[in-house]
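What follows is a single structure, written as structure tokens, with notes after it.
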Amino acid sequence: MAVSTETSLREGYEFTQGSGYTLPEYPFLEPTEIRNGEVSHHPIVIVGGGLAGLTMACALAHYGVPAVLLDEDNTVGVKGASSRGICYTQKSLEIFDRLGLYDRIAAKGIQWSVGRTFAGSDEVYSFDLSQQSAYNLSSQPPFINIQQFYIEGFLVERIQELGHVQLRWCSRVSAFEQNNECATLTVRTPAGDYQIRADHVIDATGAHSPFRGWVGASVTSKKGDDRWCIADVRFSRHPPVERHTWIEAPFNDNRAVWQHLMGDNVWRIDYQMGLHADPDYVSREDVVRERLARQFGDDCEIDIVWVGPYTYRSECIDQMRHGRVFFVGDAAKVVSPFGARGGNTGVSDADNLAWKLAAVMKGQAAPALLDSYHEERHEAARQNVLVTNRTARFLRPADGMERVFRDAALGLARQYAFARQFVNTGRMAIANPYTRSSACDSGGGQSVQNVSFLWPDGSKGTLNELLDWAGSRLLLLLFGNATPRCYERLRALGETAPVRSVHVLGADEPAEALEHVRDPKGHLQGACHVFGHAWALIRPDSYIAASGEGVDTTLVRAVAKAIAAEGEGV
Ligand SMILES: Cc1cc2nc3c(=O)[nH]c(=O)nc-3n(C[C@H](O)[C@H](O)[C@H](O)COP(=O)(O)OP(=O)(O)OC[C@H]3O[C@@H](n4cnc5c(N)ncnc54)[C@H](O)[C@@H]3O)c2cc1C
């Protein structure tokens, strides 16, 4: 089977070319450092232009913060593994909306909400996310399926539109050191080597991060023995637009199978292989076709777009920050693909760190705020490793008690609804809560959905628009009646701290002088998890920093915590 890794420069976004993906190529431009023999100094250097690094670059560009991104490759996707992530969660889609590329993703991707799980021919679990209140208030759908390289391509396009960030392709970081003054990176390019200095370095080099060794990072890891083989295909007669999962597929020797639709009418069919399967053999075209025919029948015409065998492991770095280096995405943690927690949480890593760096660089927050990146995203990483490891063990149980439990769970689920909760083919990625962050106060640590409200002229607005207006500052939403004294305090707070305040009025409340919007259905208030007369302090990453009732010292303390400042100075 010829796995398509061929690349060429292409206009537009149609990367699926008949049988194969043809990814775009970006030009290598000789950097001024080589031409002038200088060592330049930058506030932020991002190493790695995958999903996490490009999201980081786009978010910094969105806040108007300059940065340089270095990638060893000259294309999106990872060479030889063009097709990886497919499933993007509501939280990621909300972030992409804030960054200005959601519409492109929605136009190319596939929306889905129904999932069904089978054991043999029995349906043992199903869900419809659009019916779940946790999902249906956002302006973005529960999920969109799209090939990861499309999102990366849109990110490149958006970064170029926004400016501020230099994208340097064919630039491999080959050495690194840091001291009290700065970090120094050696960059290998087709035109020769050069050095670049930085105040902050973002390691987004993925699962094989060289920075872990350079900074002496310790990693907690577990190697898996599960083997899979992807077939991205097009059909003459295609199945329903639902996620179908088989735990024991009769057409795959009773092993697991996944079936999803992605962009360009391409289906991802992912087959679990035997423990000692040879990757070269299972990805041979005749073997892949034979497998597909067993599932879809000999009469179904199938066009194979891409084939990729893979194994996975689980890993979590013990510290997400080492001096000037911040680890994001797979460089920080690696999880099995079940539940779509890899790429999606890398997007959230970037979103979390970007606003903090922006706020610190603009003098809106103290440098200590950057320490909360580890507290928050390490909690998320550990949680995601835990959840995905459980799924991996359900899908590939060890002989003995694990298999006995798995078989018992399936047997019960076939007969009783209560047992369906034990069927674990992947707990879909969520916006992880932060329960022990030094930057969150009482009521804080929850993500807020991108719900809608009404602007004063009656037109519809979204929380993301308010966050955009607030920029890298905190957004304070004040619900219910407010006294003139209350307004006075908010104005005074706005003069000393990076906070923009909005009074959220109920259906009939008169507008006062403060910026205001209307929330007739209470969606904004519900999304902030507060009731009655209350306030919610929202961070630029759409997480609640704190919530409370009186516009008093509690609020001032919460603002101080959220920007890691001394309370008095706020
Ligand atoms: C089969 C499969 C299915 C998956 N499905 C999903 C899914 O549905 N949803 C989801 O969210 N996730 C999914 N994932 C996980 C997702 O693909 C990864 O989590 C994601 O790609 C990680 O992004 P990253 O930017 O951290 O790293 P990568 O995408 O690996 O990017 C790293 C980048 O760093 C560059 N680089 C490396 N070393 C250097 C260096 N020394 N100098 C300069 N540049 C360097 C590389 O060229 C690359 O561009 C899946 C993974 C697999 C394997």
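Position 1 is the first residue of the sequence; numbering continues from there. Atoms within a ligand are numbered from 1 in the order they appear, just like the ligands themselves.
Here the shortest heavy-atom distance to atom 42 (N) of ligand 1, taken over Val173, Asp71, Ile46, belongs to Val173. Considering only non-hydrogen atoms, atom 38 (N) of ligand 1 lies nearest to Thr205 out of Asn145, Ile230, Val187, Thr205. Considering only non-hydrogen atoms, atom 20 (C) of ligand 1 lies nearest to Gln148 out of Gln148, Arg168, Met56.
At a heavy-atom distance under 4.0 Å, no atom of Thr345 approaches ligand 1. Contacts with ligand 1 closer than 4.0 Å are made by no heavy atom of Arg341, backbone or side chain. Within the 4.0 Å heavy-atom criterion, the part of Ala204 lying near ligand 1 is the backbone and not the side chain. Within the 4.0 Å heavy-atom criterion, neither part of Ser174 lies near ligand 1. Contact annotation for Pro337 and ligand 1: only side-chain heavy atoms (C-beta onward) come within less than 4.0 Å of the ligand. The part of Leu70 lying near ligand 1 is the backbone, judged by heavy-atom distances below 4.0 Å. Looking at Tyr312 against ligand 1, nothing comes within 4.0 Å, counting heavy atoms.
Using modelled atom types and a 3.5 Å distance limit, the side chains of Ser138 and Asn450 yield no donor-acceptor pair. Checking Ser40 against Glu33 by side-chain atom types alone, a donor-acceptor pair falls below 3.5 Å. If you check the side chains of Thr184 and Glu177, you find no donor sitting under 3.5 Å from an acceptor. When only modelled atom types and interatomic distance are considered, Gln148 and Glu152 share a side-chain donor-acceptor pair under 3.5 Å. One side chain, Tyr312 or Asp226, offers a donor N or O that lies under 3.5 Å from an acceptor on the other. A donor-acceptor pair shorter than 3.5 Å cannot be found between the side chains of Asp193 and Thr186.
Rounding to the nearest 0.5 Å gives a distance of 8.0 Å between CD of Gln259 and OH of Tyr271. To the nearest 0.5 Å, the span separating CD1 on Ile144 from CD on Gln90 amounts to 10.5 Å.
Distances below 4.0 Å separate heavy atoms of Val47 from the following atoms of ligand 1: 42 (N), 43 (C). Residue Ile86 approaches ligand 1 through these ligand atoms, each under 4.0 Å from one of its heavy atoms: 5 (N), 6 (C), 7 (C), 8 (O). Shown in contact with Asn344 at under 4.0 Å from a heavy atom are these atoms of ligand 1, numbered in order with element: 9 (N), 10 (C), 11 (O). For ligand 1, the atoms lying closer than 4.0 Å to a non-hydrogen atom of Gly329 are 26 (O).
Of all the heavy atoms in Gly329 and Ala52, the pair that sits closest is CA-CB, 3.8 Å. Between Arg158 and Cys58, the shortest heavy-atom distance links the atoms CG-SG, 3.6 Å.
Checked by distance only, ligand 1 and Arg268 stay at 3.5 Å or farther apart across all their nitrogen or oxygen atoms. In terms of polar-atom proximity, defined here as any N/O pair under 3.5 Å, Glu152 makes no such contact with ligand 1. An N or O contact shorter than 3.5 Å is missing between Ala331 and ligand 1 by distance. Not one N or O of Tyr88 is nearer than 3.5 Å to an N or O of ligand 1, by distance alone. Considering backbone and side-chain N/O of Ala207, none are found under 3.5 Å from N/O of ligand 1.
The shortest contact between atom 12 (N) of ligand 1 and any protein heavy atom is with Gly343 N, 2.9 Å. Atom 34 (O) of ligand 1 has Gly48 CA, 3.3 Å as its closest protein atom, hydrogens excluded (heavy atom only). Atom 44 (N) of ligand 1 has its closest protein heavy atom at Glu72 N, 3.1 Å. Residue, atom and distance of the protein heavy atom nearest to atom 31 (O) of ligand 1 are Gly50 CA, 3.4 Å. At the top of the distance list for atom 9 (N) of ligand 1, counting protein heavy atoms only, stands Cys87 O, 3.2 Å. Nearest protein neighbour of atom 25 (O) of ligand 1, counting heavy atoms only, is Ala52 N, 2.9 Å. Arg84 O, 3.4 Å is the protein heavy atom nearest to atom 3 (C) of ligand 1. Nearest protein heavy-atom neighbour of atom 6 (C) of ligand 1: Gly85 CA, 3.2 Å.
For Tyr150 and Tyr88, the ring centers sit 6.0 Å or farther from each other. Residues Trp169 and Phe28 keep their aromatic ring centres 6.0 Å or farther apart.
Arg212 contributes no side-chain N or O that, together with a main-chain N or O of Val219, makes up a donor-acceptor pair within less than 3.5 Å. Not a single donor-acceptor pair under 3.5 Å links the side chain of Arg406 to the backbone N or O of Ala398.
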### Message
Between Trp112 and His260, does the ring pair (Phe, Tyr, Trp, His ring centres under 6.0 Å) criterion hold? Intermediate values first, please.
### Response
CA-CA 9 Å; Trp112 67 276; His260 269 239; 5.5 Å; yes
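Partner of Val156 under the side-chain contact (heavy atoms from CB on, under 4.5 Å) criterion, chosen from Leu54, Leu101, Ile151: Leu54.
Put simply, no part of Gly346 is less than 4.0 Å from ligand 1, judged by heavy atoms. Assignment of Ser171 to the shell around ligand 1 is supported, since a heavy atom sits closer than 4.0 Å.
Partners of Arg377 under the salt bridge (charged side-chain N to carboxylate O under 4.0 Å, His left out) rule, at least two apart in sequence or in another chain, are Asp349.
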